[in-house]
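Have a look at the structure below, then the notes.
Keep in mind that the numbers below use all heavy atoms, side chains included, and drop hydrogens, waters and symmetry copies.
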Amino acid sequence: MFLKKLIKNGLITVKYYENGSLQTYKGRVYNLNLHEQTLSLKDEKQNIFFIRLSGIEDIY
């Protein structure tokens with residue numbers, strides 16, 4: 001699965017919908033939980049963001 005390959009890569013940018021608006025976060029993959037369908041990103045300030053996989057619009 002291509003999502004598991006993200007764990008090995010460095011910095012990524014994720015665009016996703018949250019509460020009807022498009023959000024963009026940049027960081028490293030902190031955790032990928034396929035059971036709960038969430039992706040956790042850690043940014044350069046060590047903040048952790050939890051993103052639902054169903055809301056992801058684009059990853060690069």
Side-chain angles (χ1 to χ4, degrees):
M1 181 177 222
F2 75 94
L3 290 174
K4 289 184 180 182
K5 292 181 182 179
L6 292 175
I7 295 172
K8 297 178 182 177
N9 293 341
L11 198 62
I12 64 170
T13 302
V14 177
K15 289 185 179 183
Y16 70 99
Y17 284 99
E18 181 179 40
N19 297 327
S21 64
L22 188 63
Q23 304 289 326
T24 303
Y25 284 118
K26 184 181 283 188
R28 298 185 187 280
V29 175
Y30 180 72
N31 189 20
L32 177 61
N33 188 332
L34 296 177
H35 180 69
E36 294 181 7
Q37 299 289 303
T38 59
L39 173 70
S40 304
L41 286 182
K42 185 185 274 190
D43 67 2
E44 59 273 349
K45 295 180 183 178
Q46 304 301 315
N47 296 324
I48 298 174
F49 302 99
F50 297 96
I51 301 168
R52 303 263 325 148
L53 294 179
S54 62
I56 293 177
E57 179 72 22
D58 195 13
I59 299 175
Y60 50 94

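When all heavy atoms of Leu34 and Gln37 are compared, the closest pair comes out as O-NE2, 2.5 Å.
Applying the ring-ring contact (aromatic ring centres under 6.0 Å, His included) definition to pairs two or more places apart or across chains, those involving residues 37-60 are Tyr25-Phe49.
For the atom pair Asn33 CG and Leu53 CG, the distance stands at 9.0 Å (nearest 0.5 Å). Residue Leu41 holds its CG atom at 10.0 Å from CD1 of Ile48, rounded to the nearest 0.5 Å. Taking CG from Leu39 and CD1 from Ile51, the interatomic distance works out to 5.5 Å, rounded to the nearest 0.5 Å.
With hydrogens and angles ignored, the 3.5 Å screen pairs no side-chain donor or acceptor of Arg28 with any backbone N or O of Glu44.
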Enumerate donor-acceptor pairs with a distance under 3.5 Å from any side-chain N or O in residues 11-24 to protein atoms, sequence neighbours excluded.
| residue | atom | partner | partner atom | Å |
| --- | --- | --- | --- | --- |
| Tyr16 | OH | Glu18 | OE1 | 3.4 |
| Ser21 | OG | Glu18 | O | 3.2 |
| Ser21 | OG | Gln23 | NE2 | 3.0 |

